[in-house]
Every structure is written in C-alpha cells, then in structure tokens.
J.: 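I am attaching a structure below and will ask some questions about it afterwards.
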Amino acid sequence: MPIREIIKYPNPVLRQKAAPVTEFNEELKKLVSDMAETMYAAPGVGLAANQIGLAIQVVVIDISPKEEKNKLIPLINPEILEGEGAEVEEEGCLSVVDYAATVKRFAHIRVRACNLDGAQVEFEADGWFARVIQHEVDHLHGKLFIDHLSSLKKTLYKKKRRKQLLEEQAALDDKQD
Ligand code: NI
C-alpha cells in the first residue's frame, strides 16, 4: 500500500470543500488504508483526504499511544452535530509545516459519520479526541487551524512560510545550476 504525498499549505486543494462519499466500495477501503499508512508514517494523529489531494469527505484518526497505534478510526462524511464547553490547547497540522499554536475548540462534541460499510453511527467525544475530530472536519470544509488564530499570528505564519518556500526554491535552483 503506497504512502501518499502530504499536501502542504498554501496548496489550494486544502481550501476546497470536500464532497460527500456516496459509494462504499473497495476503492474507499483502499484509500482509507493508504491514508492510515501515510498518517502513521508522518507520524500524525489524524489525516483528511484533502491533505493527500482529494477533496472528499474521508478522515482517519488514531490517538492511541505511539507504541500501540492500532485504534484506527475512519470517519466517512463526518458531521459535528453539537458542541459544548471550550478548551484551549496547542495544535499542529501535517499540512502546516513547522508551526504550532493554541486553538480554542469545543470540549465535548456529538458526531455523526458513516463507517466503511456505509452504516451511519453517532457518538460523543471529549478532550483530545474531540479536538482531533474538529481539526479534521475543518479540513473537509477547507479550513485550517491557522484560520482560528488572530490575524497577526496568521500573518506571521504566512510570512514565515513564504520565506521557507523561497529558501526551498533557491536550494532547488542551486542544484540545477
Ligand atoms: Ni491538519
């Protein structure tokens, strides 16, 4: 199963609204398996399909401790039905390189999603698990955690990223000379 390339900010696919999945077939299972492999290799605790360049409503999550990493939760067409309470914690994202910041999220959420067979499930989540779900569902709406920051912080990150991309380009140009 191939590891997919993780798309980085500011690639526009990260801003696309993901379309719902309508067919629960082998292709979907294979996609979820590739996404899981990509997430574990990164390593990360969650990955949305936009992050591998596909704007469809598929998310994989595994927040179990590093040594275990065997509690894969695929969420297809996930929706946050309600949220309450608030918690502020530091977050990062595999698509937002070298950056972390504190983000306010619901402490408790109710979620509806489909499993790999297309059966609809509803469940509740708290704390870190609730945070990861909110972060991944944001991805499906074309939203990144930096969109939750103050405009000053976001501008600083954009500048940092621009500089980084220019440096990467310069390094590439040097190689080609
Ligand atoms: Ni992310």
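Just so you know, ligand 1 is whichever comes first in the structure, and atom 1 is the first atom listed for that ligand.
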J.: Can you see which heavy atom on Val59 is nearest to which on Glu136, and at what distance?
T.: CG1-CB, 3.6 Å
J.: Indicate whether the side chain of Gln134 and that of Asp138 have a donor and an acceptor atom separated by less than 3.5 Å.
T.: no
J.: Is Glu122 salt-bridged to Arg112, going by a charged N under 4.0 Å from an acidic O?
T.: yes
J.: Apply salt bridge (charged side-chain N to carboxylate O under 4.0 Å, His left out) to Asp147 and list each qualifying residue two or more places apart in sequence or on a separate chain.
T.: Arg15, Lys154
J.: Below 2.8 Å of the Ni ion (ligand 1), tally up the protein N/O/S atoms for me.
T.: 3
J.: When the ring centroid of Tyr9 is compared with that of Tyr157, is the distance short of 6.0 Å?
T.: yes
J.: If you measure from the Lys or Arg side-chain nitrogens to the Asp or Glu carboxylate oxygens, is any gap between Glu91 and Arg131 under 4.0 Å?
T.: yes
